[in-house]
Amino acid sequence: MTVIESTSQVSTLPADLPARTAASPGRLALRQFMKSPSGVAGACMLVLIILVAVVGPSLYPVDPLDLVGAPFMPPDADAWFGTDYLGRDVLAGLIHGGRATLAVGAVAALITIAIGLVIGAVGGFFGGAIDATMVKITEFFQILPPLLFAMVLVTLFGPKLTTITLAIGGVSWTSVARLTRAEFMRLRDLDFVKASRAAGASNANLILRVLLPNALPAVIVSATLAIGVAILFEGGLSFLGLGDPNVMSWGLMLGQNRNYILDAWWAVMFPGAAIFLAVLAISLVGDGLNDAINPRLRRRS
C-alpha cells in the first residue's frame with residue numbers, strides 16, 4: 001500500500017509543475033541582441049536618424065533648394081548650421097536630404113538582396129552546369145570595379161535618383177550571391193531537405209519554403225550592411241558630380257560643396273558627419289544581429 005501511494009505521488013508531481021514553453025527563435029534573437037551594447041546603441045542611433053528624416057521636415061519646413069541668405073554664412077542664430085556656396089540652409093539640407101539618402105540605401109539594398117538571392121539560390125540548389133553559369137555571371141560582375149560600373153550606368157542613363165538607386169543595387173549583389181550559394185550548398189544535402197524531397201516537394205517549394213528560411217539568418221546580416229554600403233555609394237557618386245541635382249541628399253551636399261571646404265567647412269563637415277553616423281549605426285546594428293542570429297555565438301553566451 002505504501003508503494004502504491006508513493007508511486008501515485010510521484011506521478012502527480014509533473015502535473016503540479018508549471019508548463020515550460022520553448023522561446024521562439026525571434027525572441028531568442030531579440031534577447032541576444034539586447035545583450036549587445038554596441039547593437040543597442042546602433043539601433044538607438046538609427047531610430048533617431050530615421051525620426052529626424054521623417055518628422056524633421058514638418059518641424060523645420062525650409063526648402064533645402066531655396067536661397068535663404070548670403071553664401072558661406074557661418075552657423076549663427078539665423079542659420080544654425082550656416083549656408084552653402086549658393087546660400088542654401090545646411091540644416092534644411094541635412095533634414096530633407098536624410099530622406100533621399102536613407103531611401104536610396106534601403107531600396108538599393110533590397111535590389112542587391114533580391115538579385116543576390118536569385119543568383120545564389122539557383123546556383124547553390126541545382127549545381128552542375130547551372131551553378132557554373134551562375135558562378136561565371138557572379139565572377140564577371142565581381143571583377144568590374146563597382147563604383148566605376150555605377151558611374152558608367154549613371155552617365156549613360158542620366159543622374160536621376162532612380163537611376164542612381166538601380167545602379168547601386170545592380171553592382172553590389174555579388175557578395176550576397178556568394179553567401180546564398182554557400183548556404184544552399186550546405187543545406188541541400190541535409191536530412192530534412194531529403195525528407196521534404198522524398199515527400200514530393202517540388203523544387204520551387206524546396207527553395208522557397210525549406211531552404212530559404214534556413215539561409216535567411218546569414219543573409220539578413222548581409223542585407224543590413226548593404227544599406228550602409230549603398231549610402232556610401234550614393235555619397236561617392238554625388239561627390240564625383242553624378243548626384244541628382246533636383247533632389248537634396250547628403251551626398252549631393254558633399255559633392256557640391258567639396259571645392260569650398262576651406263571657405264565653408266560647415267557645408268562639408270555636417271553632411272559628412274551625417275553619413276558617418278548613419279553608416280556607423282547600421283554597422284553596429286549588423287554586428288548586433290550577427291551576434292544574435294549566429295547560433296555558435298548564442299551557445300557561448
Side-chain angles (χ1 to χ4, degrees), residues 25-26 28-30 32-33 39 104-147 149-150 153 165-197 201-233 279 282-299:
L28 289 175
L30 178 60
Q32 188 69 24
F33 181 83
V104 168
V107 176
L110 289 177
I111 296 173
T112 297
I113 298 303
I115 299 176
L117 280 177
V118 171
I119 298 293
V122 171
F125 178 79
F126 290 102
I130 296 178
D131 182 39
T133 302
M134 296 302 171
V135 169
K136 292 298 182 183
I137 295 174
T138 304
E139 290 177 347
F140 172 77
F141 280 89
Q142 192 173 1
I143 62 175
L144 294 175
L147 183 58
F149 190 24
L153 293 177
T165 305
L166 294 175
I168 294 173
V171 302
S172 308
W173 54 267
T174 55
S175 60
V176 178
R178 295 200 313 271
L179 177 62
T180 305
R181 175 179 177 269
E183 287 294 307
F184 268 67
M185 293 182 69
R186 179 181 67 85
L187 294 169
R188 67 184 182 185
D189 294 326
L190 296 183
D191 291 339
F192 73 95
V193 180
K194 293 180 179 179
S196 299
R197 191 189 300 273
S202 62
N203 290 335
N205 192 21
L206 287 173
I207 292 175
L208 296 177
R209 303 186 62 180
V210 179
L211 290 172
L212 184 58
N214 289 277
L216 274 182
V219 178
I220 289 174
V221 178
S222 180
T224 304
L225 299 178
I227 301 176
V229 173
I231 291 175
L232 292 176
F233 251 106
V279 175
I282 293 170
S283 299
L284 292 176
V285 171
D287 291 340
L289 286 176
N290 187 40
D291 296 341
I293 294 175
N294 193 327
R296 297 179 182 177
L297 297 177
R298 187 183 301 167
R299 294 191 193 105

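Computed over heavy atoms, backbone and side chain alike; hydrogens, waters and symmetry mates excluded. Numbers here are sequence positions counted from 1.
Distance alone, capped at 3.5 Å, is enough to place a donor-acceptor pair between the Asn214 side chain and the Val210 backbone.
Remark: Thr174 pairs with Thr138, Phe141, Gln142, Arg178 by the side chain to side chain contact (heavy atoms under 4.5 Å, CB included) rule, at least two apart or across chains. Arg197 meets the side-chain hydrogen bond (donor to acceptor under 3.5 Å, both in side chains) test with no other residue; sequence neighbours excluded. Residues satisfying the side chain to side chain contact (heavy atoms under 4.5 Å, CB included) criterion with Leu117, sequence neighbours excluded, are Ile113, Thr180, Leu212, Val219. For Leu144, the side chain to side chain contact (heavy atoms under 4.5 Å, CB included) partners at least two apart in sequence or on another chain are Phe140, Phe149. For Asp287, there are no side chain to side chain contact (heavy atoms under 4.5 Å, CB included) partners, not counting sequence neighbours.
At least one side-chain heavy atom of Ile231 sits under 4.5 Å from a side-chain heavy atom of Ile282. Put simply, the side chain of Ser175 does not reach to within 4.5 Å of the side chain of Leu179, judged on heavy atoms. Annotation: side chain of Phe125 is not in contact with side chain of Leu187 (no heavy-atom distance under 4.5 Å). Two residues are said to be in side-chain contact when any heavy atoms from C-beta on lie closer than 4.5 Å; Phe184 and Val122 fail this criterion.
For residues 112-138, the set of pairs meeting the salt bridge (charged side-chain N to carboxylate O under 4.0 Å, His left out) definition, not counting sequence neighbours, comprises Asp131-Arg181.
Nearest heavy-atom pair, Ala150 versus Ala167, reported as atom, atom and distance to 0.1 Å: O-CB, 4.2 Å. For the residue pair Ser222 and Val176, the shortest heavy atom distance occurs at OG-CG2, 3.4 Å. The two residues Val104 and Ala230 have their closest heavy-atom pair at O-CB, 4.3 Å.
Here the straight-line distance linking atom CZ of Phe233 with atom CG of Leu147 works out to 5.5 Å at 0.5 Å rounding. Rounding to the nearest 0.5 Å places OG1 of Thr133 at 12.5 Å from CZ of Phe126.
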query: Are Val285 and Leu289 close enough, and set up right, to give a side chain to side chain contact (heavy atoms under 4.5 Å, CB included), and what steps lead you there?
result: CA-CA 6 Å; Val285 171; Leu289 286 176; 4.1 Å; yes
